[in-house]
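In what follows, a structure is listed as structure tokens, so that the remarks can point back to it.
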Amino acid sequence: MSTALLPSDQAAVCPLLTPAQSVAHGIVSQALLTARGLRVTLFHFAAGQELSEHTTPARALVQVLAGSCDFTLNGETRCLTAGELLHMPPKLPHAVRATTDLTLLITQAAPPKA
């Protein structure tokens, strides 16, 4: 059973800009859609919160819906702000630090099975 907000087998709508509860001093994530080869997750960060450097085997699109962050990708840090979209190829080391309250929509596409 999936805990995602959207069913993977039918059309549906969910709000993206509704404020997250209990994000005053942390990070809240919610799976919006989980389907074969695809995962869409909404993240809310309190200002100052961060995810340490990590990698993922999936290709990712990181869309900043609100706020701003320092996004480090393969050792290079750039400031991302609301309205920007970052493409991240698979397996690159990356980290995020929210410089303000931050909302990110992350879409991950897994590589096809050989």
Side-chain angles (χ1 to χ4, degrees):
M1 172 181 253
S2 175
T3 58
L5 290 179
L6 297 171
S8 63
D9 60 348
Q10 58 188 313
V13 175
C14 74
L16 295 179
L17 298 180
T18 303
Q21 295 179 345
S22 302
V23 73
H25 302 291
I27 301 170
V28 174
S29 67
Q30 173 65 58
L32 301 183
L33 176 66
T34 302
R36 174 178 258 174
L38 180 67
R39 181 172 177 84
V40 180
T41 308
L42 187 64
F43 282 89
H44 296 281
F45 291 71
Q49 292 297 307
E50 57 188 274
L51 288 177
S52 60
E53 187 174 78
H54 59 285
T55 62
T56 179
R59 178 174 308 280
L61 293 174
V62 179
Q63 182 178 4
V64 182
L65 299 179
S68 62
C69 65
D70 288 332
F71 197 98
T72 303
L73 182 60
N74 207 27
E76 182 182 331
T77 301
R78 64 193 81 203
C79 178
L80 298 179
T81 59
E84 293 187 306
L85 178 70
L86 170 76
H87 169 245
M88 187 172 61
K91 301 180 183 174
L92 286 181
H94 59 281
V96 180
R97 186 179 70 77
T99 52
T100 66
D101 289 347
L102 175 68
T103 302
L104 298 178
L105 181 68
I106 300 180
T107 303
Q108 295 175 296
K113 304 276 191 222

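Numbers here simply count residues along the sequence, with the first being 1.
Of the candidates L105, T41, T107, L105 is the only one forming a side-chain contact (heavy atoms from CB on, under 4.5 Å) with L32. Of the candidates N74, T56, L73, N74 is the only one forming a side-chain contact (heavy atoms from CB on, under 4.5 Å) with P93.
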Please list every donor-acceptor pair under 3.5 Å in which a side-chain atom of residues 58-72 meets a protein atom from a residue at least two apart or in another chain.
residue: R59; atom: NH1; partner: H87; partner atom: NE2; Å: 2.8
residue: S68; atom: OG; partner: T99; partner atom: OG1; Å: 2.6
residue: D70; atom: OD2; partner: R97; partner atom: NH2; Å: 2.8
residue: T72; atom: OG1; partner: T77; partner atom: OG1; Å: 2.7

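Residue pairs meeting the salt bridge (Lys or Arg N to Asp or Glu O under 4.0 Å) criterion with at least one partner in residues 78-91, sequence neighbours excluded, are E76-R78.
Taking CG of L42 as the reference point, atom SG of C14 lies at 7.5 Å (rounded to 0.5 Å).
Side-chain contact between T103 and F45: absent, with no pair of heavy atoms (C-beta onward) separated by less than 4.5 Å. Between L51 and I27, the closest side-chain pair of non-hydrogen atoms falls below 4.5 Å.
For A12, the side chain to side chain contact (heavy atoms under 4.5 Å, CB included) partners at least two apart in sequence or on another chain are L6, P7. Take H54 and apply the ring-ring contact (aromatic ring centres under 6.0 Å, His included) test, not counting sequence neighbours, and it matches H94. For R39, the salt bridge (Lys or Arg N to Asp or Glu O under 4.0 Å) test picks out no residue, with sequence neighbours left out.
Both L38 and L5 are assigned to one and the same hydrophobic cluster, defined by single-linkage of ILVMFWY side chains at heavy-atom distances under 4.5 Å. L92 and L104 fall within the same hydrophobic cluster, where Ile, Leu, Val, Met, Phe, Trp and Tyr residues are linked whenever their side-chain heavy atoms come under 4.5 Å apart, directly or through other members.
Across all non-hydrogen atoms, the minimal contact from A46 to A98 is O-CB, 3.6 Å. Taking every heavy atom of both residues into account, S8 and A35 meet most closely at CB-CB, 3.9 Å.
With hydrogens and angles disregarded, a donor-acceptor distance shorter than 3.5 Å links the side chain of D101 to the backbone of A47.
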